[in-house]
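Source: prediction; values computed, not measured. Counting begins at 1 with the first residue of the sequence.
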Amino acid sequence: MPGTVLLLAASPAGKSCLVDAASVLPILAAVAPDVLSGTDTANVVELADPLEPQAVLTRLRAAATAPGPLTIFLTGQLQLDRRQRLPHLALARTTPATVRYTGFPWHWIREELRLRTPGSTAVVVDLHTDAETWQHLATQPLTVGPGALLYGRVAPPPPRRAVASPTYMKSVATILRSGHRPPLAHLHQQALTRSSGEDPEAARRDIVLTVDPTQPVHHTPPAQPPMHPVPGFQPAPPPSVPVQVSLPAPVPAPAPASASFTAPPPSPPPSDPHAEITAAVESGRHAEAAELAGRQEQEALRAHGSGADEVVHWMEVRADLAMFAGDAELSCRIWLAVADVRLAAGQEPAAPGVEAAVDRAHHQWGRIDDSARARELGPALAGLRLRVPGRRQGALDDVQRHLSRLQAQV
């Protein structure tokens, strides 16, 4: 199955720029697509210094819904928005004052990747931060979703009036240009070693990211202190040095001499509903995927009650599945319900989950072909837009104009 590769390099123009992100793209673009992806064939999408968050979201969503392995090479800088203090990838028009509206929210990456089959997604990053974001990441490490691999580094701000070079990603690209792609964990370690030759302080200074959810989690502390200490942050040991835990086997109590004992057969490992749903979608069995998600939602409802995070999660999964199946009306209805549930639970209108639900309801509403159905849902969406204007300026006006056009057709 062909793979998909997304090459994304983003940094602000002017004095807000901390890293020359786009300088790595010519090197990455020179690598053969199959080497970038680690598959026989691959589709490569390149985004250089994008201007609009929605443009990045559109390309990311298309990549995330493509079948087969997905590899994202992301170079740029992170900044916090001043209102919610959430990390954003700074884009070409981003300034410290406008990051909430002109940057790409990092949690959108997690949202778009959350339905992918565990182990089928890898994100390789070379990121720089300003001082405020650097302190934030010391206690709030980056993640890209429950089933995605994450490798790379995060660097603090360069000296004043200096623009840093993405030495880690350039090292990754240089290694791949040899025509051989080692396992990602090995590629990561080789890139760290190579880039430290150009920047000897990196090993002491940077936050190194090594997240592989496909590997078992061990809770035994490493035998040696972490290689890359940061105040208040303890990175995980590199995956090339796994921690082994050996426990003595329990000694069973002796059975009575007259008793016979037959050990019960081992229970099968629990299935992963997300993997089953993804497999169903990839093979075009949309109704089966929706049924599986619906059962999970009902089980969560019985176990946790209405409005619980587990229930909302499966509502969101069903909304995405309806979108994949081409049912924009159903997807819109579910996203409207998700927004209502989150607001009823006390979440703020500016909370990321609320904004995402309303934005997606708005997007799906605009794709409904049946004018009568769209007219029916329009007032509910407009009411939500009054409470949740979102980051996109003029969103409420857009709903009202489209609703007026629909009503004029009656």
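- Judged purely by distance below 3.5 Å, without hydrogens or angles, the side chains of Ser171 and Thr174 never pair a donor atom with an acceptor atom.
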The test is side chain to side chain contact (heavy atoms under 4.5 Å, CB included); show your working for Leu336 and Leu377 and say whether it passes.
CA-CA 9 Å; Leu336 290 172; Leu377 292 174; 4.1 Å; yes
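- Of all non-hydrogen atoms in Ala122 and Leu184, the two that sit nearest each other are CB-CD1, 3.2 Å.
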Could you give me the CA-CA distance, side-chain angles and deciding distance for Asp49 and Arg93, then say whether salt bridge (Lys or Arg N to Asp or Glu O under 4.0 Å) is met?
CA-CA 9 Å; Asp49 286 329; Arg93 295 174 178 169; over 6 Å; no
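- Taking the side chain as every heavy atom from C-beta outward, Val338 and Val358 never approach each other to under 4.5 Å.
- One finds the SG atom of Cys332 at 10.0 Å from the CD atom of Glu376 (value rounded to the nearest 0.5 Å).
- Across all their heavy atoms, Gly307 and Val341 have their closest contact at CA-CG1, 3.7 Å.
- Minimum interatomic distance between Leu321 and Ala293 (heavy atoms only, all atoms of both residues): CD1-CB, 3.7 Å.
- You'll find the side chain of Pro158 stays beyond 4.5 Å of the side chain of Val163, heavy atoms only.
- A donor-acceptor pair shorter than 3.5 Å can be found between the side chains of Thr121 and Arg116.
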Take Thr193 and Ser196 through the test side chain to side chain donor-acceptor pair (under 3.5 Å) and record every step on the way to the result.
CA-CA 5 Å; Thr193 301; Ser196 66; 5.6 Å; no
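- Taking both residues in full, the closest heavy atoms of Gln364 and Ser331 are given as CG-OG, 3.3 Å, listed atom of the first, atom of the second, then distance.
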Check against side chain to side chain contact (heavy atoms under 4.5 Å, CB included), Val172 and Tyr151:
CA-CA 11 Å; Val172 168; Tyr151 292 103; over 6 Å; no
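- Remark: Arg285 CZ is packed, more than 12 non-hydrogen atoms of other residues, nucleotides or ligands lying under 6.0 Å away.
- Rounding to the nearest 0.5 angstrom, the gap separating the CG atom in Asp34 from the CZ atom in Arg181 is 10.5 Å.
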Checking salt bridge (Lys or Arg N to Asp or Glu O under 4.0 Å) for the pair Glu316/Arg342: CA distance, chi angles, key distance, verdict?
CA-CA 11 Å; Glu316 293 176 337; Arg342 287 185 176 277; 2.9 Å; yes
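- Between atom CE of residue Met315 and atom CD of residue Glu297 there is a gap of 6.0 Å, rounded to the nearest 0.5 Å.
- A donor-acceptor contact shorter than 3.5 Å is absent between the side chain of Trp134 and the backbone of His128.
- The closest donor-acceptor contact from the side chain of Thr65 to the backbone of Arg61 lies under 3.5 Å.
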Any chance you could lay out the side chain to side chain contact (heavy atoms under 4.5 Å, CB included) test for Asp359 and His362, step after step, and finish with the verdict?
CA-CA 5 Å; Asp359 287 346; His362 189 163; 5.6 Å; no
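- For the residue pair Gln79 and Gln77, a side-chain donor N or O sits within less than 3.5 Å of a side-chain acceptor on the partner.
- Put simply, the side chain of Val124 does not reach to within 4.5 Å of the side chain of Ile72, judged on heavy atoms.
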After noting the C-alpha distance and the side-chain angles of Val125 and Leu142, does the key distance pass the side chain to side chain contact (heavy atoms under 4.5 Å, CB included) rule?
CA-CA 11 Å; Val125 302; Leu142 290 177; 5.7 Å; no
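- For the pair Arg85 and Glu132, the salt-bridge criterion is met [side-chain N within less than 4.0 Å of a carboxylate O].
- Side-chain atoms of Thr102 and Thr94 include a donor-acceptor pair closer than 3.5 Å.
- The minimum heavy-atom distance linking Leu176 with Val35 is given by the pair O-CG1, 3.5 Å.
- A donor-acceptor distance shorter than 3.5 angstrom exists from the side chain of Arg114 to the backbone of Glu111, with no hydrogens or angles considered.
- The local environment of CG in Asp398 is crowded, with over 12 non-hydrogen atoms from other residues, nucleotides or ligands closer than 6.0 Å.
- At a threshold of 4.5 Å between non-hydrogen side-chain atoms, the residues Thr129 and Pro157 count as touching.
- Gln190 has its side chain within reach of His186: a pair of non-hydrogen atoms, C-beta onward, lies under 4.5 Å apart.
- A heavy-atom distance below 4.5 Å is not found between the side chains of Leu7 and Val45.
- Side-chain contact check for Phe73 versus Val123: every heavy-atom pair is 4.5 Å or farther apart.
- We find that Arg100 and Glu355 are joined by a salt bridge, their nearest charged nitrogen and carboxylate oxygen being less than 4.0 Å apart.
- Counting non-hydrogen atoms of other residues, nucleotides and ligands closer than 6.0 Å to CG of Asp40 gives a total of 12 or fewer.
- A 6.0 Å sphere centred on CZ of Arg405 holds more than 12 heavy atoms belonging to other residues, nucleotides or ligands.
- Panel note: side chain Thr95, backbone Thr98; a donor-acceptor pair is recorded below 3.5 Å.
- Between the OG1 atom of Thr58 and the CD atom of Glu52 there is a distance of 10.5 Å, given to the nearest 0.5 Å.
- Side-chain atoms of Asp81 come within 3.5 Å of backbone atoms of Arg83 as a donor-acceptor pair (strictly under, hydrogens ignored).
- Arg59 CZ to Glu112 CD: the interatomic distance, rounded to the nearest 0.5 Å, is 14.5 Å.
- Using a 4.5 Å heavy-atom threshold, the side chains of Arg153 and Leu209 count as separate.
- Under the 3.5 Å distance criterion, the side-chain polar atoms of Arg302 are left unmatched by any main-chain donor or acceptor of Gly305.
- More than 12 heavy atoms of other shown residues, nucleotides or ligands fall within 6.0 angstrom of atom CG in Asp370.
- Contact detail for Pro166 and Thr75: the closest heavy-atom pair is CB-CG2, 3.6 Å.
- Counting only residues at least two apart or in different chains, ring-ring contact (aromatic ring centres under 6.0 Å, His included) contacts with residues 379-410 comprise Trp365-His402.
- Checking side-chain atoms of Thr143 against main-chain N and O of Gly145 turns up no donor-acceptor pair under 3.5 Å.
- Atom CD of Glu299 has more than 12 heavy atoms from other residues, nucleotides or ligands within 6.0 Å.
- With hydrogens and angles ignored, the 3.5 Å screen pairs a side-chain donor or acceptor of Thr133 with a backbone N or O of Leu80.
- The structure places NE2 of His188 at 11.5 Å from CG of Leu149, a figure rounded to the nearest 0.5 Å.
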